[in-house]
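Structure record follows, encoded as structure tokens.
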Amino acid sequence: MTDWYSRWESNKIGWHADQVNQNLIDYFSKLDLDNGDKIFVPLCGKSVDMFYLLQRGLRVVGVEMSDIAVQQFFSENKLEYSVAKVDDLILYEGDGIQIFCGDFFTLKANHLVDVKAVYDRASLIALDKALRQKYVNHLNDIISKDVRVLLLTLNYPQHQWVGPPYAVSKLEVDSLYGGSFQCQELQNISDIENEPMFLLQGVDFVEKAVYCLQKVRM
Ligand SMILES: C[S@@+](CC[C@H](N)C(=O)[O-])C[C@H]1O[C@@H](n2cnc3c(N)ncnc32)[C@H](O)[C@@H]1O
């Protein structure tokens with residue numbers, strides 16, 4: 001299992017992007033959000049996408065186990081914050097943004113009151129197969145009906161590389177979310193040319209997909 005704490009301590013955070021994710025920009029409208037709406041970013045790291053969402057006028061709530069990541073998010077974006085203990089989590093709160101520091105699996109529905117959408121980039125695919133269904137089940141338990149999820153995944157021959165990020169196919173997305181969510185595939189492109197690490201490992205293909213899911217059943 002990935003030791004995320006030591007990844008943050010040793011700054012081995014190759015997944016972190018300095019630029020806002022282009023798929024988030026391109027497909028933001030699919031989330032159908034209004035100014036002031038609240039969006040949840042699970043396993044958020046110190047993603048600059050959260051700052052982009054704030055700038056678009058949304059309220060943002062994240063969860064992240066590493067306090068290094070959370071503190072770096074606030075300092076790198078020059079945002080002031082306060083810190084408080086909330087249940088088993090530490091809540092870092094700034095203007096329009098809350099990040100719960102702790103285990104995603106201890107987050108409860110009452111921590112996500114008014115959440116209208118979820119943004120999942122490098123979160124589901126950060127988890128090994130055994131954890132992915134648990135992650136989706138828990139997400140389903142803590143969000144309300146009608147919430148939309150913008151989900152970004154990668155797929156590649158899993159036997160050719162160990163992960164994370166792990167390969168998650170359309171079949172798996174359908175199976176993970178199928179029971180309670182409607183699923184629309186927005187994009188699925190082959191893009192190994194822009195993935196030097198996979199090229200170096202001799203991986204045959206890399207597909208990048210974007211889905212818009214909507215919770216239709218309680
Ligand atoms: C691959 S990174 C992706 C971060 C972010 N979504 C991004 O796009 O930059 C996965 C993150 O999930 C965090 N994480 C892993 N398991 C977690 C858990 N059970 N609860 C909270 N955070 C977790 C790790 O510390 C890491 O920062």
Side-chain angles (χ1 to χ4, degrees), residues 1-28 31 39-54 58 60-77 86-92 97-109 111-112 115 117-143 149-156 161-168 176 194-195 197-198 206 208-211:
M1 197 189 277
T2 312
D3 183 351
W4 297 105
Y5 290 117
S6 58
R7 292 285 197 103
W8 280 104
E9 271 156 27
S10 55
N11 203 33
K12 292 203 176 100
I13 54 166
W15 66 81
H16 178 72
D18 291 332
Q19 303 292 318
V20 178
N21 188 282
Q22 192 58 44
N23 288 317
L24 174 61
I25 298 171
D26 292 346
Y27 295 111
F28 177 80
L31 291 173
I39 186 163
F40 173 46
V41 185
L43 281 55
C44 61
K46 57 170 183 172
S47 172
V48 298
D49 297 343
M50 292 193 287
F51 192 65
Y52 170 78
L53 292 166
L54 267 177
L58 298 179
V60 177
V61 50
V63 64
E64 167 56 50
M65 64 196 280
S66 163
D67 59 348
I68 297 175
V70 180
Q71 286 164 13
Q72 286 184 0
F73 173 79
F74 281 98
S75 62
E76 288 173 11
N77 292 293
V86 175
D87 303 323
D88 293 333
L89 301 151
I90 305 294
L91 174 62
Y92 289 70
I97 181 150
Q98 296 182 314
I99 301 183
F100 289 96
C101 188
D103 185 3
F104 165 78
F105 294 100
T106 67
L107 203 66
K108 298 189 177 73
H111 301 131
L112 299 183
V115 160
V118 177
Y119 173 58
D120 179 328
R121 181 260 171 191
S123 308
L124 176 70
I125 63 171
L127 303 174
D128 62 30
K129 198 166 178 54
L131 268 183
R132 291 198 286 272
Q133 187 69 66
K134 193 178 164 204
Y135 167 88
V136 172
N137 291 348
H138 188 64
L139 183 65
N140 185 27
D141 284 346
I142 58 177
I143 60 174
V149 182
L150 190 68
L151 168 67
L152 279 48
T153 60
L154 280 187
N155 191 29
Y156 62 89
W161 200 65
V162 58
Y166 295 100
V168 176
L176 286 169
N194 291 311
E195 294 298 333
M197 187 269 290
F198 285 103
V206 176
K208 295 179 181 171
V210 182
Y211 303 91

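All of these numbers come straight from a predicted model, not from anything done at the bench. We count ligands from 1, going down the list as the structure has it; atoms in each ligand are counted the same way.
- Under 4.0 Å from ligand 1, the heavy atoms of W8 that appear belong solely to its side chain.
- Applying the 6.0 Å contact sphere to CD of Q19 captures no more than 12 heavy atoms from other residues, nucleotides or ligands.
- By the criterion of a heavy-atom distance under 4.0 Å, neither the backbone nor the side chain of A69 is placed next to ligand 1.
- When all heavy atoms of L152 and N21 are compared, the pair lying nearest together is CD2-OD1, 3.4 Å.
- Annotation for ligand 1: atoms under 4.0 Å from non-hydrogen atoms of A122 are 1 (C), 2 (S), 3 (C), 8 (O), 10 (C).
- Of the residues T106, I142, D87, the one that meets the side-chain contact (heavy atoms from CB on, under 4.5 Å) test with H111 is D87.
- In this structure, N140 contributes its side chain and V136 its backbone to no donor-acceptor pair below 3.5 Å.
- The S123 neighbourhood of ligand 1 comprises atoms 6 (N), with distances under 4.0 Å to a heavy atom of that residue.
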Under the side chain to side chain contact (heavy atoms under 4.5 Å, CB included) criterion, do F28 and L58 qualify, and how do the steps go? CA-CA 12 Å; F28 177 80; L58 298 179; 3.6 Å; yes
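- Against a heavy-atom cut-off of under 4.0 Å, G102 is close to the following atoms of ligand 1: 20 (N), 21 (C).
- Annotation for K129: atom NZ does not count as buried by contact number, only 12 or fewer foreign heavy atoms lying within 6.0 Å.
- Taking atom 22 (N) of ligand 1 as the reference point, the nearest protein heavy-atom neighbour is M65 N, 3.1 Å.
- For ligand 1, the polar-atom distance check finds no N/O of H16 at less than 3.5 Å from any of the ligand's N/O atoms.
- Within the listing of ligand 1, atoms 18 (C), 19 (N), 20 (N), 21 (C) sit less than 4.0 angstrom from a heavy atom of F104.
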